[in-house]
*Asks:* 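Structure in structure tokens, see below.
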Amino acid sequence: MNWYDQAIIYQIYPKSFQDTNDDGIGDLQGIIKHLGYIKDMGFNTIWLNPIFVSPQVDNGYDVSNYFAIDPILGDTNDFSEMMTKAHELGLHIILDLPINHTSDQHPWFQDAVNDPHSIFRDYYIWHSKVDGHEPNNWGSFFGGSVWEKNPTDPDEYYFHLFDKKMPDLNWKNPEVQKSVADIAKFWLEKGVDGFRLDAFIHIAKANFEQNSLDSSTKFPIDDKFYAKLPAVKDYMSGFVKEIKAFKPDVFLFGEASSAKARDAAEYTRPDEHVCDVVVNSDNYGEVYDDSNPDIPKFFQDRKLSLEMLKQTYVTWESILDHVSLPTLTWGNHDISRVLDRLNLPVHDDKITKLLAMMLFLQRGIPVIYYGEEIGMHGLKYQKVADFSDQRAVDLISSLRQKDFTDKQILRLLNNQDEMTARGPMQWDSTQYRGFSKEKPWNWALVDSNNVDQEIADPDSIMNFYRELLKIKKHDCFTSGDYRLLITDSNIYAYQRKTADKQGIVVANFSDQKAEFTLPKNVWRKVLANESSEVEDGVVKLGPWGCCALESN
């Protein structure tokens, strides 16, 4: 068994975790300050969103220097101190590594633009204009075309799948593969334990002579041309083989936002040089309100479907069995917080605890976004002008043209936009919630508990998480087989089983009392989100009640 098979990951957005120099931006010293807190909560692995030098066009995912820490976060001494103290506490550190693109300020791109004979020219993707316009009609994830004119040659374009200031790397070039591996090895030498490989499923592109047949917009997003193509595995193979040879126990955590279960199995095959696990962005059991086609899917209202959740996880657990571990997550920095996003029937700590128990005790690696352990909500901005991320700007422009009011648009943005999930960690009740003495870089109203409050309350969400993560480390919930149990439509129940231990989780997704008959055995309750009873082999749960049980 590898160390990461037992990982319990705490995702930190460094700019929003803790500011120690009062500039309104979180920093590495802020992470160092709370390493003890993270350890005490029961986490053993920390995933940091990008910390490399960046113009911050995309909050660090546009890297201009992979070999240095961005000064807004600290320096190499801070990084070394963080690594040393984390390892002393038994914590592993994984870094977010953008491998699909760089910043347009990166020296590779700058040299390629300024010198047509540069050795870095083939590090990027270029194409001459076709009939006086872009080479094809493919749409960027950030709006508009994937093609942007070369600033030094108006007859030529470069390819960018995301922002125009983030040109895509040309992974066909073996030198790119080697250069990215060299970056990874540089940080492995400094003690890093693994990487989240950002957007790796996009590193291969189709034939640029093809056009999308989607006529809904001028530049439609059509990811069959630039997601999950066969060459992804070819390109990844050499890269992974090289860094695994350098550090065999490095943890490679691939971001595959649109991956289905079979894709995940292909990208984590133990007999091939690919990822150890992958995470996707659509395993939340959400049903979208598509009654208004003017609203893009990402911003549509949604609610939790227990039936879809069951289908999702039984599929993933079945297909990944004997291949790799699923990742278990309610969200991350690219989507609004789960308590805001799903339009839950009531705001009740019991539901927050139920969501955590139901998901994280399944077979797989929990990935918990900072603040989830205190039931943290997203920011609530007061006006649409407060949103500056490209997806929000595009939505505002589009819906205003369709006579939506700013009040209607603001509600959609506050419920779904990713920037609401990147607010400062709520440490205490002071003006800026203990994050900083100065106004945070991303600040708006937020209705959340804070760590100080949660510590003092034995029934708090935070203390429930602490107990839950202890139970996650039990053999049956770490390495046990998984079986979804047959229940009525409002119950989610599953069994975990090793050779000599068993565990069962039962969750009542309704506002009515419920009962569930346990398999015959001697069961003991190990954690519940409320007073619950186990009598004569029957679990009796109140509304939104959940219970974990174990048996030898």
Side-chain angles (χ1 to χ4, degrees), residues 1-14 17-18 28 30-49 51 79-97 187-188 190-197 247-255 268 275-279 324-332 356-357 359-374 425 451 454-455 461-480 496 498 501 503 526-527 548:
M1 179 179 286
N2 299 299
W3 69 264
Y4 45 79
D5 294 330
Q6 302 180 60
I8 300 176
I9 300 174
Y10 190 61
Q11 181 193 351
I12 293 176
Y13 202 75
F17 194 61
Q18 177 73 76
L28 296 188
I31 296 168
I32 293 168
K33 179 179 178 179
H34 294 294
L35 289 173
Y37 163 82
I38 295 167
K39 173 74 173 180
D40 182 63
M41 282 300 303
F43 299 100
N44 56 28
T45 306
I46 299 171
W47 154 27
L48 300 180
N49 286 101
I51 59 174
F79 180 83
S80 296
E81 181 183 354
M82 178 185 70
M83 292 301 306
T84 298
K85 292 184 175 178
H87 285 163
E88 287 174 352
L89 289 170
L91 296 170
H92 294 90
I93 301 287
I94 62 176
L95 299 183
D96 217 322
L97 183 62
W187 291 103
L188 291 174
K190 294 185 176 300
V192 167
D193 301 292
F195 300 97
R196 174 196 179 260
L197 302 178
K247 183 177 173 63
D249 67 343
V250 61
F251 178 35
L252 298 180
F253 173 48
E255 185 233 351
T268 57
C275 301
D276 297 305
V277 302
V278 299
V279 61
S324 62
L325 291 170
T327 49
L328 308 172
T329 175
W330 281 118
N332 53 50
M357 176 181 283
L359 185 61
F360 299 135
L361 293 185
Q362 293 188 130
R363 178 179 173 272
I365 296 176
V367 184
I368 296 166
Y369 191 45
Y370 79 99
E372 281 185 20
E373 75 278 14
I374 59 171
M425 178 67 175
V451 171
E454 298 268 312
I455 288 175
I461 296 168
M462 177 180 165
N463 283 312
F464 183 86
Y465 260 81
R466 184 181 282 114
E467 293 304 311
L468 180 67
L469 298 186
K470 287 179 183 176
I471 293 167
K472 177 64 179 179
K473 295 171 184 174
H474 294 184
D475 284 348
C476 63
F477 290 117
T478 297
S479 56
R496 304 292 310 279
T498 62
K501 300 281 186 181
V526 291
L527 186 64

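This one's a predicted model, so the numbers in the text were calculated from it and none came from an experiment. Below, each value reflects all heavy atoms present in this structure, side chains not excepted, and no hydrogens, waters or symmetry copies.
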*Asks:* Could you tell me whether the side chain of Asp276 reaches within less than 4.5 Å of the side chain of Phe253, counting heavy atoms only?
*Replies:*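 SC-SC contact between Phe253 and Asp276 ruled out.
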
*Asks:* Considering non-hydrogen atoms only, spot the tightest contact between Asp5 and Leu325 and give its length.
*Replies:*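 So the two residues come closest at O-CD1, 3.5 Å.
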
*Asks:* Taking all heavy atoms of Ile8 and all of Gly42, pick out the closest pair and write down the distance.
*Replies:*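 Looks like CD1-O, 3.9 Å.
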
*Asks:* Phe43 vs Tyr10 aromatic rings, parallel, tilted or perpendicular, using cut-offs 30° and 60°?
*Replies:*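 Tilted, since the angle between the ring planes falls between 30° and 60°.
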
*Asks:* Please find the pair of heavy atoms, one from Gly254 and one from Cys275, that lie closest to each other, and give the distance.
*Replies:*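 Scanning both residues, the minimum pair turns out to be CA-SG, 3.8 Å.
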
*Asks:* Does any part of the side chain of Ile374, heavy atoms only, come nearer than 4.5 Å to the side chain of Met425, both counted from C-beta?
*Replies:*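 Of all side-chain heavy-atom pairs linking Ile374 with Met425, at least one is under 4.5 Å.
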
*Asks:* So, does Thr498 use its side chain to make a donor-acceptor pair with the main chain of Gly480 at under 3.5 Å?
*Replies:*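 Checking the backbone N and O of Gly480 against the side chain of Thr498, no donor-acceptor pair under 3.5 Å is found.
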
*Asks:* Would you say Phe251 and Val277 make side-chain contact, with heavy atoms under 4.5 Å?
*Replies:*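 The answer is yes, as the side chains (C-beta and beyond) meet within the 4.5 Å cut-off.
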
*Asks:* Report the C-alpha separation of Trp187 and Phe79 in whole Å, then their side-chain angles, then the decisive distance to 0.1 Å, and conclude whether the ring-ring contact (aromatic ring centres under 6.0 Å, His included) test is met.
*Replies:* CA-CA 11 Å; Trp187 291 103; Phe79 180 83; 4.9 Å; yes

*Asks:* Using 0.5 Å steps for rounding, measure from the CG atom of Asp96 to the CG atom of Asn49.
*Replies:*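 The CG atom of Asp96 sits 5.0 Å away from the CG atom of Asn49.
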
*Asks:* Distance check, rounded to the nearest 0.5 Å: Phe195 atom CZ versus Trp47 atom CH2?
*Replies:*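 Nearest 0.5 Å value for the CZ-CH2 distance: 14.5 Å.
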
*Asks:* Looking at side-chain heavy atoms only, is the closest gap between Trp3 and Thr45 below 4.5 Å?
*Replies:*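 Yes. Closest side-chain heavy atoms under 4.5 Å.
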
*Asks:* Please output the side-chain donor-acceptor pairs of residues 360-370 that fall under 3.5 Å, not counting sequence neighbours, one pair per line with the distance.
*Replies:*
{"residue": "Gln362", "atom": "OE1", "partner": "Tyr482", "partner atom": "OH", "Å": "3.0"}
{"residue": "Gln362", "atom": "OE1", "partner": "Tyr492", "partner atom": "OH", "Å": "2.5"}
{"residue": "Arg363", "atom": "NH1", "partner": "Ser324", "partner atom": "O", "Å": "3.3"}
{"residue": "Arg363", "atom": "NH2", "partner": "Ser324", "partner atom": "O", "Å": "3.0"}
{"residue": "Tyr369", "atom": "OH", "partner": "Ala421", "partner atom": "O", "Å": "2.9"}
{"residue": "Tyr370", "atom": "OH", "partner": "Gly423", "partner atom": "O", "Å": "2.5"}

*Asks:* Is any side-chain heavy atom of Met82 closer than 4.5 Å to a side-chain heavy atom of Leu48?
*Replies:*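 Yes; the side chains approach each other to less than 4.5 Å.
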
*Asks:* Do Met357 and Phe464 have side chains that get closer than 4.5 Å, going by heavy atoms?
*Replies:*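 Yes, close enough: below the 4.5 Å cut-off.
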
*Asks:* Hey, what do you get for CD1 (Ile31) to CG (Leu91), rounding to the nearest 0.5 Å?
*Replies:*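 If we round to the nearest 0.5 Å, Ile31:CD1 and Leu91:CG are 12.0 Å apart.
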
*Asks:* Distance from Ile455 atom CD1 to Arg466 atom CZ, nearest 0.5 Å?
*Replies:*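 Going from the CD1 atom of Ile455 to the CZ atom of Arg466 covers 7.0 Å.
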
*Asks:* With the side chain counted from C-beta on, respond yes when Leu89 and Ile38 share a heavy-atom pair under 4.5 Å apart, and no when they do not.
*Replies:*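 Answer no - side chains too far apart.
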
*Asks:* Strictly distance-based, threshold 3.5 Å: is any side-chain N or O of Lys190 a donor or acceptor partner for the main-chain N or O of Met83?
*Replies:*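 No, the answer is negative, given that no donor and acceptor are paired below the 3.5 Å cut-off.
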
*Asks:* I'd like to check the salt bridge (charged side-chain N to carboxylate O under 4.0 Å, His left out) partners of Lys470; sequence neighbours left out, ordered by chain and number.
*Replies:*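 In terms of salt bridge (charged side-chain N to carboxylate O under 4.0 Å, His left out), with neighbours along the sequence ignored, Lys470 is linked to Glu467.
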
*Asks:* Pair Glu81, Leu28 - check side-chain contact (heavy atoms from CB on, under 4.5 Å), show working.
*Replies:* CA-CA 9 Å; Glu81 181 183 354; Leu28 296 188; over 6 Å; no

*Asks:* Go through the side-chain N and O atoms of Glu454 and Tyr465 and say whether any donor and acceptor fall under 3.5 Å apart.
*Replies:*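 Absent: no donor and acceptor within the cut-off.
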
*Asks:* For the atom pair CD1 (Ile12) and NE2 (His34), what is the distance rounded to the nearest 0.5 Å?
*Replies:*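 It is 9.0 Å, given to the nearest 0.5 Å.
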
*Asks:* Is the backbone of Ile94 close enough, under 3.5 Å, to the side chain of Asp193 for a donor and an acceptor to pair up by distance?
*Replies:*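 A pair under 3.5 Å: no.
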
*Asks:* Walk me through it: do Glu373 and Tyr37 pass the test side-chain contact (heavy atoms from CB on, under 4.5 Å)?
*Replies:* CA-CA 11 Å; Glu373 75 278 14; Tyr37 163 82; 2.6 Å; yes

*Asks:* Would you say the side chain of Lys501 lies within less than 4.5 Å of the side chain of Arg496, judging by non-hydrogen atoms?
*Replies:*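 No, too far: nothing below the 4.5 Å cut-off.
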
*Asks:* I'd like to know if the side chain of Lys472 and the backbone of Phe477 have a donor-acceptor N/O pair within less than 3.5 Å.
*Replies:*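 Yes; judged by distance alone, with no hydrogens or angles, the pair exists.
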
*Asks:* Work out which heavy atom in Pro14 is nearest to a heavy atom in Ile51; give both atom names and the distance.
*Replies:*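 The answer is CG-CG2, 3.9 Å.
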
*Asks:* State the CG-OG1 distance between Leu35 and Thr84, to the nearest 0.5 angstrom.
*Replies:*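 If we round to the nearest 0.5 Å, Leu35:CG and Thr84:OG1 are 11.0 Å apart.
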
